[in-house]
There are 2 protein chains.
Amino acid sequence: MRTGRPRDERVRLAILTAAQELVLEKGYAAVTTADVAARAGAGKQTIYRWWPGKGALVLDAFSEWVSQAPRMSRHKPSLSSTLVEFCRGAGEAAPVLRALMAEAQFDEDLHRRLIAQLVRPRGDELRACLADRRPADRELVVNVLSGLVWQRLMLNEPLDARFVRFALRVVQRI
Amino acid sequence: MRTGRPRDERVRLAILTAAQELVLEKGYAAVTTADVAARAGAGKQTIYRWWPGKGALVLDAFSEWVSQAPRMSRHKPSLSSTLVEFCRGAGEAAPVLRALMAEAQFDEDLHRRLIAQLVRPRGDELRACLADRRPADRELVVNVLSGLVWQRLMLNEPLDARFVRFALRVVQRI
DNA sequence: TTTTTACGAGACTCGGAGTCTCGGAAACAA
DNA sequence: TTGTTTCCGAGACTCCGAGTCTCGTAAAAA
């Protein structure tokens with residue numbers, strides 16, 4: 001059994017909540033770890049004890065944001081609905097996704113985390129909607145779609161309904 | 001006539017050259033404006049007099065790097081050769097492109113410059129290779145291709161010959 | 001009770017971005 | 001020639017955020 005005082009779950013949640021709120025209010029770049037600690041009523045050291053840095057913290061605070069799609073449906077979700085739902089979530093959090101991907105370019109560890117916690121899961125969701133395609137085709141479509149999305153994000157163009165229609169049209173023609 | 005001492009062209013080139021060398025040697029993040037000034041034998045203020053910051057400087061130092069394709073051919077360049085040539089240039093400078101696109105996410109002015117000096121021109125080159133397509137198709141193909149490239153860059157996957165084959169296969173099926 | 005780890009708080013170091021100032025140089029104008 | 005304007009190298013300087021260190025205290029297990 002692990003000895004010593006255990007990690008306080010309420011503190012963990014307070015920090016994640018504070019990070020999410022502050023980033024949505026002021027934007028990723030304008031938020032400091034000191035800000036997060038202050039709003040959470042925590043010490044900076046408590047943040048650095050459990051997260052390697054601001055990037056990983058914000059990633060944890062948002063990694064489930066995008067995929068809060070209603071999983072209640074017992075049907076296999078359609079490609080269209082998956083894409084719509086993703087763009088809805090990613091649309092609100094677009095500045096955060098841009099900032100995380102940007103920061104990850106300067107931080108290998110964060111880059112790995114970002115791919116494992118955000119990029120790969122979204123790709124898997126898409127893949128699951130393409131079970132009827134040939135495997136080679138499937139990878140091709142997934143690559144094209146996520147390419148379009150990330151390009152759109154980094155170029156700061158909206159992930160709106162018009163984009164979804166465009167993306168679906170592309171897929172249809174492959 | 002503009003009065004006062006004119007800008008020294010040799011200094012301008014020395015700064016651009018120093019920036020390019022240093023970034024290739026040590027990587028974008030590890031280079032400071034003080035480093036560039038030192039190697040160029042210039043003062044920091046001379047850099048800040050002509051460029052708003054490190055990002056814009058490095059962008060200028062590399063903005064023609066990618067498209068040093070031999071324009072000697074009087075034939076219209078093929079999509080294949082354009083893509084190969086672009087990936088060859090972008091392959092070597094991939095870390096720089098990643099860093100510039102990343103930094104641009106935190107700097108609106110740099111973002112505009114990056115799109116105007118790098119993103120748009122490459123898109124135009126691609127577009128010129130697709131003159132035989134219907135205009136709507138053309139935009140679609142350009143979007144898909146540049147989406148694949150930027151995704152590849154930000155995910156730190158190689159822009160190698162295998163990728164070019166993949167991209168061309170995608171285009172062929174649209 | 002002792003040991004071990006977590007916690008809040010705050011002081012601290014470190015490094016890079018960008019600014020300011022100074023003495024001097026290169027152009028133009030009177 | 002002299003004065004004005006802008007450029008230049010050099011270096012000191014401020015500002016700010018990331019991350020570290022320490023201290024007194026709290027909560028769990030041995």
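Proteins come first, then strands; the chains are lettered A, B, ... in the order of their sequence lines, and each starts at number 1. The basis for the numbers below is simple: all heavy atoms, side chains too, and nothing from hydrogens, waters or symmetry mates.
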Q. Could you give the CG-to-C1' distance, from A:D109 to D:dA18, as a whole number of Å?
A. 16 Å

Atom pairs and distances, donor-acceptor, side-chain atoms in residues 2-9 of chain A, under 3.5 Å, two or more places apart:
{"from": "A:D8", "atom 1": "OD1", "to": "A:R10", "atom 2": "N", "distance (Å)": "2.9"}
{"from": "A:E9", "atom 1": "OE1", "to": "A:R12", "atom 2": "NH1", "distance (Å)": "3.3"}
{"from": "A:E9", "atom 1": "OE2", "to": "A:R12", "atom 2": "NH1", "distance (Å)": "2.3"}

**Q.** Side-chain heavy atoms of B:L168 within contact of B:S80, under 4.5 Å
**A.** yes

Q) Whole-Å distance between D:dA10 C1' and B:I15 CD1? A) 14 Å

Q) Just wondering, do B:T17 and B:Q20 contact through their side chains at under 4.5 Å, heavy atoms? A) no

Q. So do the side chains of B:F62 and B:L118 get within less than 4.5 Å of each other, counting heavy atoms only?
A. no

Q | Pair B:R173-A:R173, side chain to side chain contact (heavy atoms under 4.5 Å, CB included): steps then yes or no | A | CA-CA 7 Å; B:R173 302 203 35 186; A:R173 303 203 35 187; over 6 Å; no

Filtered N/O pairs between nucleotides 24-30 of chain D and protein, under 3.5 Å:
{"from": "D:dA26", "atom 1": "N3", "to": "A:R5", "atom 2": "NH1", "distance (Å)": "3.2"}

(Q) If you define the side chain from C-beta out and look only at heavy atoms, does anything of B:L140 sit under 4.5 Å from A:F166? (A) yes

Q: Compare all side-chain heavy atoms of A:H111 with those of A:Q105 and state whether any distance is below 4.5 angstrom.
A: yes

Q.
Counting only heavy atoms and a strict 4.0 angstrom limit, can you tell me which residues of residues 17-49 of chain B come near DNA chain D?
A. B:G41, B:A42, B:G43, B:Q45, B:T46, B:R49

(Q) Taking any heavy-atom pair under 4.0 Å as a contact, classify B:W50: base, sugar-phosphate, or nothing. (A) sugar-phosphate

Q.
Taking the basic N atoms (NZ, or NE/NH1/NH2) and the acidic carboxylate oxygens, is any pair closer than 4.0 Å for B:R113 and B:D109?
A. yes

Q: Rounded off to whole Å, could you give me the CZ-to-P distance for the B:R12 and D:dG9 pair?
A: 14 Å

